[in-house]
Protein chains: 4
Amino acid sequence: MGDRFFASDNSATVHPAIMEALARANTGHAIGYGEDEVTKEAAAMVRDRFGSRAKAFFVYSGTGANVIGLQSALRSHEGVICTAESHINWDECGAVEKFTGSKLLSVPGDRGRLTGPQVESFLSTRGVVHHTQPRVVSLTQATEMGTVYPVETVREISEICKRHGMYLHMDGARISNAAVSLGIDLAAMTRELGVDILSLGGTKNGLMFGEAVIVWDDELAQRLHFAQKQGMQLASKMRYIAAPFTALFGTDLWRDNAQKANALASELATKVGAIDGAEVVYPVEANGVFVSLPKEVIPLVRDEVFFYDWEPEEGIVRFMVSFDNSPEDIVALEGALRKALESNRPT
Amino acid sequence: MGDRFFASDNSATVHPAIMEALARANTGHAIGYGEDEVTKEAAAMVRDRFGSRAKAFFVYSGTGANVIGLQSALRSHEGVICTAESHINWDECGAVEKFTGSKLLSVPGDRGRLTGPQVESFLSTRGVVHHTQPRVVSLTQATEMGTVYPVETVREISEICKRHGMYLHMDGARISNAAVSLGIDLAAMTRELGVDILSLGGTKNGLMFGEAVIVWDDELAQRLHFAQKQGMQLASKMRYIAAPFTALFGTDLWRDNAQKANALASELATKVGAIDGAEVVYPVEANGVFVSLPKEVIPLVRDEVFFYDWEPEEGIVRFMVSFDNSPEDIVALEGALRKALESNRPT
Amino acid sequence: MGDRFFASDNSATVHPAIMEALARANTGHAIGYGEDEVTKEAAAMVRDRFGSRAKAFFVYSGTGANVIGLQSALRSHEGVICTAESHINWDECGAVEKFTGSKLLSVPGDRGRLTGPQVESFLSTRGVVHHTQPRVVSLTQATEMGTVYPVETVREISEICKRHGMYLHMDGARISNAAVSLGIDLAAMTRELGVDILSLGGTKNGLMFGEAVIVWDDELAQRLHFAQKQGMQLASKMRYIAAPFTALFGTDLWRDNAQKANALASELATKVGAIDGAEVVYPVEANGVFVSLPKEVIPLVRDEVFFYDWEPEEGIVRFMVSFDNSPEDIVALEGALRKALESNRPT
Amino acid sequence: MGDRFFASDNSATVHPAIMEALARANTGHAIGYGEDEVTKEAAAMVRDRFGSRAKAFFVYSGTGANVIGLQSALRSHEGVICTAESHINWDECGAVEKFTGSKLLSVPGDRGRLTGPQVESFLSTRGVVHHTQPRVVSLTQATEMGTVYPVETVREISEICKRHGMYLHMDGARISNAAVSLGIDLAAMTRELGVDILSLGGTKNGLMFGEAVIVWDDELAQRLHFAQKQGMQLASKMRYIAAPFTALFGTDLWRDNAQKANALASELATKVGAIDGAEVVYPVEANGVFVSLPKEVIPLVRDEVFFYDWEPEEGIVRFMVSFDNSPEDIVALEGALRKALESNRPT
């Protein structure tokens, strides 16, 4: 097994520029918990990038970002409309329910995407005391299935939210990949479309650890301040989360990394499309490539290059491409696929 | 204000050896969430250090370590006996209650330390359905007030726990300082005294971030595995928590750093003891020096060297010494104290 | 609008025998919280009915019974497999998630019923830390859609539970109606089929208030004892829940009431089946009759006899029959249906 | 042991007028969950009694009333200032912490009463993210120790609350006894003094079950509506809680019952004060009499008349007097005390 593979974008290394940012931050004492100069600089960078009212809360993890962001918006009798496949619903071991006490109102997405009519279908219970009250709509951008919400869909859902007094949450663990895919900047994808709470992803795009929750509303921010602490997401040595964020989003690094991963994913999709017996099953709009393979072939490929199953029953696997994958990795994976399929063919 | 001060041991830098460990870990792809070789090596190091049955869960923060450690031991009708001053009771914004649903059963400590009789005084409610059932005793070692539990006290409380089917939790955010103070090794202070759940501190002793929860019991370990994820403490890029842990505890670095901080604290205490108008108010047994000063003097000192109040009403302040403080910092603080007290003297 | 209708079996009165039991219990002082003789008598009756190891916890409400019963079986990273239509998932405003911190793993039922293969489909995530761990399967008997689980299906699911270390919970808010429908006794439907936790319904079958949680396992019982108190379900004047339970289940009253309601429901179904334009949409196996009507007709019928919509989008309404409905009520409803449909017909 | 004793006011019977109210309510079908005419009448009665903006939520239990009342006012990072002896802190098995996720900030009371300066002592942590934020002050009126807050103390604390944006909660499980003691009406003790959330007690004053949460603020009411359901306190057959409330508080029954209990308690205190070897230890201002006795005497008295210990270590016991105790019961208790003390005297 080679030393770079396609398991997840969190299998990747830390980008050298981030290592340098960490080294630069590592000088002298600094007040803890975000009251230091490095964190103030990162907060200023976020205001530059997301508007002057943007407030950033730098946290340890994506799950943490989602949970405390939602906590700031919810009372426990209120719920979150999301897809069944969303990370908050499927991949966080019930962390949202545990911490917020709220119910997730999930529905199978359209290749990872929620639609406006699906959101509206949850609204008939409003005001009825027996049912969880929809209060937040959560979109993952890019989605867990490698697709990207078009601007129009986000706007449509955002307008439903505004009309019904709901908050719009965006799980942006891979927002940089989505921005590159859409060709617009981060503010245009979020605040300008009415996003109220943003989990801004860093770990999957070259950081060592750390995500940011960004809100624009003062009341949400006031609650987040405490949710961050009570939610075990307030780093004492905060400068070491903040400095890498400045390095990632204060320069073009976020875009460069995402661009690289997306381009390689696209290349991979093209190559897979040309292989007999393999099929790309969802649109490749970011850095994930979902491929259907004969089930017996899957372990043969995995012996060469590591990756995870997506729908094991159906023989669908996921190749996540990272900024530190290389064209050679793509070639190697293509080779492994061809070889495994070949060996599987009836003679 | 100088670039090193006495606010907290989390104001310190990351030790150069830890930066090197991070750099060394930063090569090639690694499976996420702890299934990588670097984390396995760290787990082996923990077994070497704490016994072959020790299981380590590497988490982001001290609050996180305490919360998920306690979560593994508690049902929500069960509570935790602790001091009023303990970090879990006073400094975590109610994170334990929020996440576990349990009540903390607190009592003012004896200069930070719980006593055996205090623990026993909580046992009269056992079996009575109206009252929270004591299930865990939590000790902080070294305490929040700079004192250290003698081995005998830990053993006495541990025996009470065993007799009554309770778990013993140790908040070891500064356990290295306590070990140096007691002159014994880490296993002798913990497992050998009957500690069931250990929050092993790293952040305050030279790491960038990261603590470990260590348990020896299989059932606790099985629950911790999920509590870590649901509690937002499972790092995707785990190797970057694990590698520093190996560097800290797989060598003598933990002891060297703690020794340095403790020695400087002791030196500070001696110097302060010789200053007219300043008084060291708690025994200096680890790396914290608590000093009583005339209230009007406190801001004058703080203008020179940053630190926090401890009991503002009573003019008690806290000087926390870190591994990266130097003898010159001690001299500077001594100077600031003398100058401020001098300027305050009636002429 | 008449003074008896078909909104819910909780619209009914309290049965006269229950009023008498309350009056009989109302003499002299009694120790609170269940330590009284009346409650002991009820507990003995439960052992007679459900086996000598049965432990009864008398609580206020059906939601309370479900929540604390599940709380006794779950840790927060563990979840409950149930139908989307189940009361716990749809009609309790997220009470289970709020109180237990656990996730409900729901799937659309087969006319209210979960199937064995559906249960098994949730088991692939066992041991994987990212996902809620299935720990309880919850069946509603009779279901929310008026159907009844056959003995074989309960046994099949129970065996899956045993095989995989899961508990079987039965929401028996209408268990008396199901027992009558199946023609077997209460123990044969529950303990003898491997039910671990039973919410034994009383309110919908003639009580003023009160349900019982019944378990057989000592560990579940020990936890329930505290969950009842912490879950706000421990009545101080417990004898007034216990005495009615003895009156209901210590005699044949439970069966007589259920028998009466089921028979009237069956009669209603027959009558509706003969009406042109109305259609019974689910099998009528207990005391609920679900009918499809032209949407514009529904309010006309409701003006005469009150009831609730079930699937408003599809014109499906629910008629719940209570023990205190009469054949005249059925005739009146039939008349209202015929009249409304008639008036709606094109002339 | 006689059939009336002094264990608790929840050992008492249901008052005959309440039994009649239940019988009267028991006619015809009624819409569930509070949408019936009987409940509307009770709500109107509450508005008459507590002001036109008063909103009543009728719940099952006192613990339930306290928990959902506090839930409506709190986010989980906010806490409740209360006495250590308060029912919410000591006698509810951690139900508040479990359900709200909030921390109780407790302090030993002055014979059951919180003071203004005690409340203010908690305010220094406001705005500091590491500490639970005080948001509610909870007073028990009459207190758990049989004392009553004077009007001036409630006003003083209420003004502190208003000044600092905190809510004032009153646990009025025995508010009728307090009102009789103060000689003022219920509105004068609550709304007119700035109480925001009232747990209005019924069970301890002659009801079978049921308390009401009363709020005046629309936002609290809107949240309570859902907290009542999610908190398992929304009775389906609500009329049977509401009708007794109208009977109790829509007439002078509340006052008559409380007056009777208070007068008997006062008589008991006088008698005990004249007994050599027994001492009344707290002011008898409501219906509880706390008496110090030689420890060895206590079981002898209890053999004759049942009651509970209060501070077993110190030989303090509690005699709670109910509306359905009689002068003969007082005489019997006096006799038992004299006899036991006599038999204990050295000969």
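Convention: sequence-line order gives letters A, B, ...; per-chain numbering from 1.
- Interface residue B:Q233: only side-chain heavy atoms are found under 4.5 Å from chain A.
- Considering only heavy-atom pairs separated by less than 4.5 Å from chain B, the leading option among A:A95, A:S8, A:A30 is A:A30.
- In terms of modelled atom types and a separation under 3.5 Å, the side chain of B:K237 and the main chain of A:L207 share a donor-acceptor contact.
- B:S11 and A:I31 get closest at one heavy-atom pair: OG-CA, 4.3 Å.
- A donor-acceptor contact shorter than 3.5 Å links the side chain of B:K229 to the backbone of A:D91.
- Residues of residues 239-247 of chain A placed with any heavy atom under 4.5 Å of a heavy atom in chain B are listed by number as A:R239, A:Y240.
- Here the straight-line distance linking atom SG of A:C93 with atom CZ of B:F226 works out to 6.0 Å at 0.5 Å rounding.
- To the nearest 0.5 Å, atom CD of residue B:Q230 and atom CD of residue A:E92 are 10.5 Å apart.
- Neither the backbone nor the side chain of B:A235 comes within less than 4.5 Å of any heavy atom in chain A.
- Closest approach of A:Q71 and B:K98 over heavy atoms only: NE2-NZ, 3.6 Å.
- Here the closest non-hydrogen pair linking B:G32 and A:N10 is CA-OD1, 4.1 Å.
- For B:F209, the part lying under 4.5 angstrom from a heavy atom of chain A is the side chain only.
- A:T13 places no side-chain N or O within donor-acceptor distance of the main-chain N or O of B:T27, the cut-off being under 3.5 Å.
- At a 4.5 Å heavy-atom cutoff, A:A65 makes no contact with chain B through either its backbone or its side chain.
- Contact count versus chain A (heavy atoms, under 4.5 Å) is highest, among B:A25, B:G94, B:A7, B:P16, for B:G94.
- For chain B, the option among A:T63, A:V59, A:N66 with the highest count of heavy-atom pairs below 4.5 Å is A:T63.
- Checked options B:F307, B:F5, B:F306; the residue passing with A:H29 is B:F5 (criterion: ring pair (Phe, Tyr, Trp, His ring centres under 6.0 Å)).
- Contacts between residues 324-333 of chain A and chain B, counted as heavy-atom pairs separated by less than 4.5 Å, involve A:D324, A:N325.
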